[in-house]
Amino acid sequence: MLVIRHFEEELIALHAEGHARGHFHVCIGQEATAVIALSFAGPGDYLFTTHRNHGHLLARGAEPGRLYAEIMGRRDGYNGGKGGTLHTVYPAGGFHHTSSIVGGIIPIAAGTAYAARARNTGALSVCLFGDGALEEGAAPEALNIASLWKLPVLFLCENNGKYGPGAASGAEQSRTMAAYPLTDLPRAYKIPAIQVDGTDAAEVFRAASEAVAKIRRGEGPQFIEAQTVRWPGNESNWPVAPIATRLPLAWDPGPVPERQREWYRSCDPVLLFARELVARNVASREELARIEEEVLAQIDEAAKFAIASPLPDPAEALRDVFAPMERA
Amino acid sequence: MLVIRHFEEELIALHAEGHARGHFHVCIGQEATAVIALSFAGPGDYLFTTHRNHGHLLARGAEPGRLYAEIMGRRDGYNGGKGGTLHTVYPAGGFHHTSSIVGGIIPIAAGTAYAARARNTGALSVCLFGDGALEEGAAPEALNIASLWKLPVLFLCENNGKYGPGAASGAEQSRTMAAYPLTDLPRAYKIPAIQVDGTDAAEVFRAASEAVAKIRRGEGPQFIEAQTVRWPGNESNWPVAPIATRLPLAWDPGPVPERQREWYRSCDPVLLFARELVARNVASREELARIEEEVLAQIDEAAKFAIASPLPDPAEALRDVFAPMERA
Amino acid sequence: MRELAYYEAKLEALREIIAGDDRVHYIADVGTGFMGLSAQRVRFAEIAREFPERVIAPPISELAFCGLAVGAAMAGLRPVVDLITASFALEAWPQIVNEAANAFYMSAGKTRVPVVFHLLHGLRGGGAAQHSHSPQAMLWNCPGLEIVLPSSPRDVKGLLKTAVASDNPTVFIDHTQLFNVMGEVPEEDEPIPFGKADIKRKGADVTVVATSLMVQRSLAAAERLAEEGIEVEVVDPRTLVPLDFETIMASVEKTRRVVVADECHRSCGVAAELLARIAEAGYDKLAAPIRRVARLDVPVPYSVPLEEAISPTEERVAEAIRASVR
Amino acid sequence: MRELAYYEAKLEALREIIAGDDRVHYIADVGTGFMGLSAQRVRFAEIAREFPERVIAPPISELAFCGLAVGAAMAGLRPVVDLITASFALEAWPQIVNEAANAFYMSAGKTRVPVVFHLLHGLRGGGAAQHSHSPQAMLWNCPGLEIVLPSSPRDVKGLLKTAVASDNPTVFIDHTQLFNVMGEVPEEDEPIPFGKADIKRKGADVTVVATSLMVQRSLAAAERLAEEGIEVEVVDPRTLVPLDFETIMASVEKTRRVVVADECHRSCGVAAELLARIAEAGYDKLAAPIRRVARLDVPVPYSVPLEEAISPTEERVAEAIRASVR
Ligand SMILES: Cc1ncc(C[n+]2csc(CCOP(=O)(O)OP(=O)(O)O)c2C)c(N)n1
Ligand SMILES: Cc1ncc(C[n+]2csc(CCOP(=O)(O)OP(=O)(O)O)c2C)c(N)n1
Ligand SMILES: [Mg+2]
Ligand SMILES: [Mg+2]
């Protein structure tokens with residue numbers, strides 16, 4: 001989680017300095033879901049993510065330096081600069097295709113699950129998407145097929161739609177989704193669905209481990225809605241980091257605006273987890289501070305690596321349009 | 001109902017004789033739904049139908065002769081032969097656009113409802129579609145918007161998916177729809193939804209009048225699923241009339257196969273209605289026979305009219321691509 | 001060599017493909033899949049019954065079942081997914097155009113998508129505006145897709161085999177009006193390579209570059225014109241992507257007169273691209289303007305004489321050929 | 001005449017249109033609608049706040065909200081529906097291509113669909129494969145749609161007015177890279193008629209037919225080439241459907257040398273159609289082969305030098321012009 005947080009915060013800075021272009025999306029506030037839920041995926045499983053993918057890839061072991069390089073369009077990026085922030089693909093971590101089209105991956109994840117079952121590999125698909133994806137017709141179409149064919153796929157919806165810290169939680173309305181709570185939709189298609197607090201690592205752990213076990217037992221698709229509050233820096237289209245995260249903020253937020261303070265107190269999964277670790281005596285504040293130093297150093301090095309990575313050769317643009325023909 | 005039935009049966013014969021081409025779909029078995037439900041639509045309302053539209057248009061007063069002419073691609077067809085069976089448009093009856101694309105009209109019907117409300121005309125939309133349309137993503141997308149924006153639209157789903165007479169009725173499964181009963185889907189989007197027996201005129205009457213009243217009171221969209229059993233002649237892609245309908249079959253089916261007999265007994269809305277009328281002393285068998293003679297004569301004349309109608313001038317093909325510019 | 005009807009060759013190919021490779025799954029409505037509304041549709045249903053585990057009927061959800069096939073292809077299967085009427089491919093546009101076509105490139109060659117999309121295109125007689133699309137031009141504007149347009153029994157068999165063997169997303173675009181064409185088909189397996197045009201008829205006076213059903217119409221027109229003393233060469237690219245432009249230009253340089261014939265709507269259609277390429281490369285090699293025979297730029301009407309009025313008929317191909325030697 | 005930035009003219013047009021006609025409803029995400037991710041997006045949000053009843057934010061359901069706009073147009077409104085990034089129009093393809101485009105024709109002229117689809121197309125810098133589409137070529141292959149491509153402040157204002165006034169489904173295709181272009185815009189209302197090409201620069205040596213952002217690139221190339229002694233005429237069709245082919249051919253006949261410049265992918269792109277028409281009509285009027293500048297036929301890469309490598313840049317336009325006078 002800490003790697004993701006510092007990766008994203010540094011990215012905002014790098015972007016502001018002109019090292020990357022285009023629009024991009026950060027996972028701040030959603031770290032717990034990715035890290036915990038993806039820990040249950042095995043090496044042969046198929047994972048899919050969206051425009052908001054950095055945290056998911058990092059949770060599966062992507063190197064921060066190569067990920068930065070991709071986001072900056074450099075030669076050492078995971079896709080040599082062809083994909084970019086919106087489409088980074090990292091097969092070693094199970095990510096074979098990343099779509100920036102809202103809802104685009106949902107049918108595809110059902111497809112890899114279909115193949116895994118047909119080939120009897122025991123693999124499953126994990127499909128990570130935002131609450132908005134359920135508004136696209138691709139989602140109900142794919143939920144229907146996954147349910148009918150009992151496909152081994154975990155639909156993991158990161159609902160960051162709770163606008164801003166302090167908004168009433170619970171069964172509030174959505175202005176863009178009548179099927180609310182969102183779990184009503186998969187349930188209509190007879191897919192078991194639960195809601196969890198996406199900032200609570202323990203809750204995510206229980207829900208994900210149970211869902212994955214059910215899928216591996218052949219019980220068909222499962223749906224988890226992980227709820228998080230929208231991070232204050234992510235309310236415009238261009239994320240702006242209000243203050244850089246440091247773990248000591250978990251205990252002393254310092255002189256910050258009330259919104260930010262409330263976010264630290266009850267929504268920030270990184271700080272919540274840190275407090276939990278200390279409260280349970282798993283780690284001391286000093287140990288955590290030391291770990292954070294290491295992470296910051298790692299991120300710093302990653303950024304340097306990416307900045308130093310050369311731009312790709314323009315001739316590369318014409319390669320990889322088609323795979324050479326397979327000869328039987 | 002009788003007009004629709006005899007229209008469709010005659011159409012099957014005309015098609016077999018080569019008077020029409022392409023594939024087509026008949027409303028046999030579904031007459032009660034259209035005739036009764038559409039009786040609540042007013043003159044300014046917006047009605048939408050699909051590839052299976054003949055009965056709907058006739059229920060709203062379309063002339064059988066001009067409808068045949070359209071289906072045969074003649075000059076006197078409602079759309080001069082440009083639309084054909086799949087796309088006949090009949091604005092005088094409220095049908096401004098008919099789509100043969102499964103699910104195509106559902107968002108459009110939400111749109112006319114949106115406009116009616118914005119313009120404060122008091123009109124509503126009625127959207128008639130088959131059970132299969134709910135499998136298209138366009139349907140849940142449009143249900144969602146209609147619900148969120150409380151649009152004045154009646155979704156009327158003709159579920160003819162109960163395969164063949166004798167199939168177990170009730171809460172059986174669908175091989176293509178996990179959200180079954182179908183009303184689970186609109187309900188997930190918080191649209192009130194009920195199921196009715198689509199062959200029972202009285203049941204359709206009650207449901208439709210209530211739904212239309214609610215919509216006119218501003219309560220937002222309503223959903224009715226009218227269930228019918230698939231007519232035995234309509235199980236292939238090309239309808240084949242097993243035996244021509246005559247009302248006396250209501251009392252004496254004659255020497256027909258058991259399947260057909262069972263359909264007459266419990267599924268055929270025309271015969272069910274005829275028996276009901278006689279049982280309640282609304283009409284005698286003789287009166288009904290006389291009416292049927294008139295209808296048969298009308299259909300016969302309509303067919304002759306269409307056959308006599310000239311083919312359109314080929315130059316017509318290039319007209320009506322664009323409307324001339326409106327000048328303010 | 002034995003003669004087969006086009007539909008027989010097509011069915012034979014599918015049966016061999018499914019029987020020969022466990023990875024092939026066919027996703028289609030069993031009633032109308034593969035053979036459309038043709039008289040031969042029951043023959044596909046037989047194949048479906050023979051391989052019930054691998055011929056799968058989906059809900060009416062083109063977008064999702066195409067996406068499913070894309071995913072299945074990424075995970076080791078070789079799915080063939082059937083849109084049946086090409087117009088229904090429009091429903092799956094985001095998956096075909098924005099996912100399947102881009103996945104290999106965006107991943108810098110890491111993720112292969114060996115999926116085949118099967119479509120029945122064109123003016124089929126009474127399909128009207130919403131069931132008569134020929135989307136190959138739109139698809140040619142979308143790099144990353146292989147586009148196959150068979151026109152003979154031999155080709156439909158050999159090209160279908162290659163399509164399934166290909167590691168790339170391939171759009172296989174067929175035409176029901178071809179189903180009764182007769183032709184030689186070898187007994188032995190003969191996959192036909194992509195990117196190899198076929199000269200369907202030799203002739204010295206005019207080159208007709210035609211695709212799909214227009215190949216057959218052009219051959220018929222050529223027969224007629226032979227009686228008028230005009231010798232027509234008919235070149236069938238067979239695949240638009242990859243395109244064998246060399247074979248086309250070799251014929252153009254020989255005849256110096258060109259007609260392009262294709263069934264898409266005229267503007268930005270396949271004929272437009274073929275014409276553009278030949279005009280670019282053939283500027284000083286042509287003895288007459290290139291002529292284009294295509295569907296007129298109006299939605300497709302239902303009625304017989306109206307549909308005829310906008311169709312690229314045999315007669316219109318013949319007329320264009322005559323004009324180009326005049 | 002006063003000078004305005006393109007984005008100012010565009011915003012002014014929208015405000016006047018919404019204020020002037022109750023029937024206009026604008027369906028769009030308020031955060032990124034109309035102005036995309038440009039710096040001026042807050043200005044659209046201001047308009048949205050001014051007309052809260054008629055600027056409406058839908059769910060992320062392009063297919064349904066485009067269909068909703070089509071229906072609303074049938075029932076007496078004049079909706080403008082915003083796909084924002086043109087790539088998202090692919091999601092709504094069935095409603096745009098198979099419903100909106102066909103409704104008037106299938107009804108034999110009974111049902112009008114005065115809807116405007118607003119799209120931001122093209123290579124925007126880092127949009128990569130899934131956010132950089134220029135779908136105008138695909139749409140030109142679909143009769144029944146009017147297609148508008150503004151390129152100057154005056155045009156964006158006048159064409160948007162005409163688009164909303166038109167009784168036909170109109171695709172209004174804009175480009176964020178034009179937003180900072182400066183130009184004269186009259187104070188008084190000046191709707192610009194469809195089907196009237198505009199000669200953006202006069203010149204005797206070479207005709208460049210260019211659309212959208214390529215007009216500005218071609219003008220810049222023309223300035224450079226003037227220094228080299230080459231006088232370039234830049235013709236901007238402004239609308240593809242209807243197309244003012246007469247003005248194009250008049251210029252071609254004058255200069256006898258032609259470059260077509262458009263941002264679609266090359267194969268079956270807008271440049272292909274323009275080239276094809278000019279080649280058909282201009283066979284004996286040309287002094288050099290027609291040259292085409294377009295996006296190369298590969299998916300769009302993300303990285304700066306890769307994107308540049310496939311783009312129809314000013315430099316490439318200049319190179320094509322030089323080649324055609326050489
Ligand atoms: C088909 C499509 N429509 C619109 C967009 C523009 N878009 C990018 S992100 C986004 C919001 C998505 O919301 P959600 O799925 O909840 O993801 P979040 O960004 O909240 O993580 C939108 C509308 C898109 N990428 N694709
Ligand atoms: C988008 C699309 N996909 C497929 C078809 C082919 N098709 C025509 S009718 C039909 C069945 C529709 O079922 P349903 O909506 O229940 O209507 P019914 O024919 O049963 O009245 C199908 C799949 C189509 N017309 N449009
Ligand atoms: Mg969200
Ligand atoms: Mg049905």
Side-chain angles (χ1 to χ4, degrees), chain B residues 15 20-24 50-51 69-75 77 79-88 97-104 130-141 174-179 235-238 309-322, chain C residues 29-33 35-39 41-42 45 56-67 83-85 87-95 123-133 176 265-267 295-311 313:
Chain B
H15 199 276
R21 65 172 184 164
H23 69 312
F24 66 108
T50 65
H51 58 286
E70 186 62 32
I71 296 168
M72 296 183 193
R74 303 306 172 100
R75 202 178 294 178
N79 312 117
K82 282 188 175 153
T85 166
L86 295 173
H87 310 113
T88 312
H97 180 66
T98 300
S99 175
S100 63
I101 292 304
V102 170
D131 47 300
L134 293 175
E135 297 163 16
E136 288 284 357
E141 285 191 5
S174 157
R175 277 181 310 121
T176 51
M177 190 54 165
E235 281 171 7
S236 74
N237 280 290
W238 306 94
S309 174
L311 287 166
D313 175 359
E316 257 309 310
L318 302 184
R319 293 193 197 114
D320 300 329
V321 181
F322 291 107
Chain C
D29 176 64
V30 172
T32 55
M35 304 310 274
L37 294 167
S38 71
R41 63 190 190 281
V42 290
I56 309 284
I60 316 172
S61 309
E62 289 84 2
L63 182 59
F65 70 65
C66 284
L83 279 312
I84 311 178
T85 303
S87 303
F88 308 155
L90 304 174
E91 311 288 312
W93 216 244
Q95 286 293 336
L123 299 162
R124 67 191 196 192
Q130 295 193 311
H131 277 64
S132 302
H133 288 87
T176 48
H265 279 115
R266 188 175 182 90
S267 289
R295 185 188 305 188
L296 299 191
D297 276 338
V298 298
V300 178
Y302 168 81
S303 176
V304 177
L306 302 182
E307 194 188 72
E308 204 279 337
I310 70 154
S311 295
T313 57

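Both backbone and side-chain heavy atoms feed into the values below; hydrogens, waters and symmetry mates do not. In what follows, chains carry the letters A, B, and so on, assigned in the order in which the sequence lines appear, proteins first and then strands, with residues in each chain numbered from 1.
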- Message: As an exercise, state the distance from OG1 of C:T85 to NE2 of B:H23, rounded to the nearest 0.5 Å.
- Response: 6.5 Å
- Message: Is there a side-chain contact (heavy atoms from CB on, under 4.5 Å) between B:L86 and C:H131? Walk through the geometry before answering.
- Response: CA-CA 9 Å; B:L86 295 173; C:H131 277 64; 4.0 Å; yes
- Note on the structure: Most heavy-atom pairs under 4.5 Å with chain B, out of C:V300, C:V298, C:D297, C:V304, belong to C:V304
- Note on the structure: Turns out that what part of B:D313 lies under 4.5 Å from chain C's heavy atoms comes down to backbone
- Message: Heavy-atom cut-off 4.5 Å, strictly under: side chain, backbone, both or neither for C:E91 against chain B?
- Response: side chain
- Message: Under a 4.5 Å cutoff for heavy-atom pairs, which residue among C:P301, C:S303, C:A309, C:A129 has the most contacts with chain B?
- Response: C:S303
- Considering non-hydrogen atoms only, spot the tightest contact between B:P312 and C:P305 and give its length. O-CG, 3.7 Å
- Top of B:A20, B:S100, B:G84 for chain C proximity - count of heavy-atom pairs under 4.5 angstrom: B:S100
- Message: A side-chain contact here means heavy atoms from C-beta on lying under 4.5 Å apart; do C:Q130 and B:S99 qualify?
- Response: yes
- Item | Minimum heavy-atom distance C:Y302-B:E70, with the two atoms named | CE2-O, 3.6 Å
- Note on the structure: Taken to the nearest 0.5 Å, the spacing of C:I60 CD1 from B:D131 CG works out to 7.5 Å
- Query: Is it true that a side-chain atom of C:R124 and a backbone atom of B:G22 form a donor plus acceptor pair closer than 3.5 Å?
  - Reply: no
- Message: Taking side chain as everything from C-beta outward and backbone as N, CA, C, O, which of these in C:L63 sits under 4.5 Å from a heavy atom of chain B? Side chain, backbone, both or neither.
- Response: neither
- Query: So which of B:L318, B:V102, B:L311, B:I101 has the largest heavy-atom pair count under 4.5 angstrom toward chain C?
  - Reply: B:I101
